[in-house]
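To keep things clear, I will list the structure first and then write my remarks on it.
We name chains A, B, ... by the order of the sequence lines, and we start the count at 1 in each one.
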Number of protein chains: 2
Amino acid sequence: MKSEAASTASAAEAASYSISELAREFDITTRTIRFYEDKGLISPARRGQTRVYSPEDRVRLKLILRGKRLGFSLDESREIIDMYDPAHGNVEQLHRLLQHIEQKRAQLQQQLRDIESLMGELDDAETRARASLAQAENK
Amino acid sequence: MKSEAASTASAAEAASYSISELAREFDITTRTIRFYEDKGLISPARRGQTRVYSPEDRVRLKLILRGKRLGFSLDESREIIDMYDPAHGNVEQLHRLLQHIEQKRAQLQQQLRDIESLMGELDDAETRARASLAQAENK
DNA sequence: GCAGAGGCTTACGTTAACGTAAACGTAAAG
DNA sequence: CTTTACGTTTACGTTAACGTAAGCCTCTGC
């Protein structure tokens with residue numbers, strides 16, 4: 001039997017991760033992970049002094065990093081993560097949440113358009129570059 | 001006859017823009033535009049001291065802002081803009097350019113995947129929020 | 001002739017997102 | 001028993017991307 005995930009030994013003991021394990025997996029530094037905790041984006045458990053990360057913590061980290069790839073600030077990523085929580089109390093807050101979701105959707109749609117046009121331009125640039133290359137070779 | 005674009009009077013006099021015109025159009029400050037110039041992203045002409053922006057300058061500005069929406073740094077945007085220039089000299093540079101284009105494409109594809117998943121999660125979040133709302137209303 | 005309305009330069013200030021380093025604790029390995 | 005590996009806190013440093021403000025031209029309308 002192959003060794004299991006990271007720290008789980010036998011049955012269903014809910015895997016946990018050390019800070020350096022996560023750092024390695026996502027190619028970031030431990031400093032970065034602690035920084036995110038400082039900013040209130042993750043709240044790992046503690047065994048004594050040492051941080052112990054749950055699978056949920058790991059998912060949060062993933063969401064943060066995905067946000068980064070999309071150019072989101074940590075505050076924006078926090079907002080998005082909060083949309084996931086079942087913690088939205090009253091009706092007014094729910095309405096605000098829905099508005100917020102709509103805004104994010106609009107932003108993502110703009111990004112889609114931006115990517116589409118940029119992709120086209122990259123195609124053009126490649127075509128021109130290949131043309132220049134061809135001309136350079138048989139000159 | 002309706003008044004033409006910004007500063008062009010009669011025939012084909014190649015429109016030009018003042019810094020504040022561009023600032024208004026793109027909803028940024030003049031400081032920001034000058035900052036981009038400082039960083040070598042735009043190089044407007046001068047009439048005396050005053051900056052005079054051509055349509056090409058305006059396009060560059062647009063590209064920078066699109067880059068920002070995609071989370072690019074100014075350096076990255078500069079690289080992308082440079083891909084457009086017909087200034088790639090020798091063969092080696094052309095090969096590097098092609099590699100660069102491929103990298104950007106890969107990055108954009110990752111962003112596409114990220115947007116897709118985030119969109120799906122926004123849908124889920126909306127569904128849950130609407131469910132909570134419905135339950136709150138007929139409780 | 002002077003008050004605005006722009007425009008310019010120079011320069012210090014600010015925020016986000018970490019980097020870097022010091023100084024210390026602890027547990028397993030040789 | 002002392003490396004070695006990993007963990008912790010605290011704190012100052014750094015870079016990008018502007019914001020903000022001061023001080024100074026210059027043209028246009030009244």
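The separation between D38(A) atom CG and dA16(C) atom P is 13 Å, rounded to whole Å. Remark: P of dC18(C) and CG of L41(A) are 10 Å apart, rounded to the nearest angstrom. Distance CD1 (I33(B)) to P (dG7(C)): 9 Å, rounded to an integer number of Å. Taking atom CG of residue D75(A) and atom C1' of nucleotide dA16(C), one finds them 9 Å apart after rounding to whole Å. Distance, E37(B) CD to dA17(D) C1': 16 Å, rounded to whole Å. In this structure, the CD1 atom of I28(A) is 8 Å from the P atom of dC18(C), given to the nearest Å. Spacing between atom CD1 of I19(A) and atom C1' of dA5(D) amounts to 15 Å, rounded to whole angstrom units. One atom, CZ of F35(A), and another, P of dT15(C), lie 14 Å apart when rounded to the nearest Å.
T29(B) comes within contact range of the sugar-phosphate backbone alone, with a heavy-atom separation under 4.0 Å but no base atom that close. Among the atoms of the strands shown, only primed sugar atoms or phosphate atoms (P, OP1, OP2) are found under 4.0 Å from some heavy atom of S73(B).
In this structure, Y53(A) and I33(A) have side chains that are in contact, with non-hydrogen atoms separated by less than 4.5 Å.
At least one side-chain nitrogen or oxygen of K68(A) sits closer than 4.0 Å to the OP1 or OP2 atom of dC18(C). For dA17(D), neither phosphate oxygen OP1 nor OP2 lies less than 4.0 angstrom from any side-chain nitrogen or oxygen of Y36(B). A sub-4.0 Å separation between OP1 or OP2 of dG19(C) and a side-chain N or O of T32(A) is present. Using a 4.0 Å cut-off, no side-chain N or O of T50(A) falls inside it from OP1 or OP2 of dT8(D). The phosphate of dT8(D) (OP1 or OP2) has a side-chain N or O of R51(A) nearer than 4.0 angstrom. An OP1 or OP2 oxygen of dC6(D) is reached within less than 4.0 angstrom by no side-chain nitrogen or oxygen of R47(A). Taking side-chain N and O atoms only, S20(A) has no distance below 4.0 Å to OP1 or OP2 of dA5(D).
In this structure, R128(A) forms a cation-pi arrangement with Y84(B), its terminal cationic atom sitting closer than 6.0 Å to the ring centre and no more than 45° off the ring axis.
Closest contact between the side chain of Q49(A) and the listed nucleotides dG7(C), dA11(D), dT9(D) involves dT9(D).
Side-chain atoms of E126(A) never come within 3.5 Å of backbone atoms of L98(B) as a donor-acceptor pair (strictly under, hydrogens ignored).
In this structure, E37(B) does not pair ionically with R34(B), as no charged nitrogen and carboxylate oxygen lie closer than 4.0 Å.
Interface remark: the R34(B) side chain does not form any donor-acceptor pair with the dT9(C) base, using a distance-only criterion of under 3.5 Å.
Comparing K39(B) and R31(B) along DNA chain D, the residue whose closest nucleotide (by nearest heavy atom) sits nearer the 5' end is K39(B).
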Please walk me through it: do D57(B) and R60(B) pass salt bridge (charged side-chain N to carboxylate O under 4.0 Å, His left out)?
-> CA-CA 5 Å; D57(B) 291 328; R60(B) 278 173 160 265; 5.5 Å; no
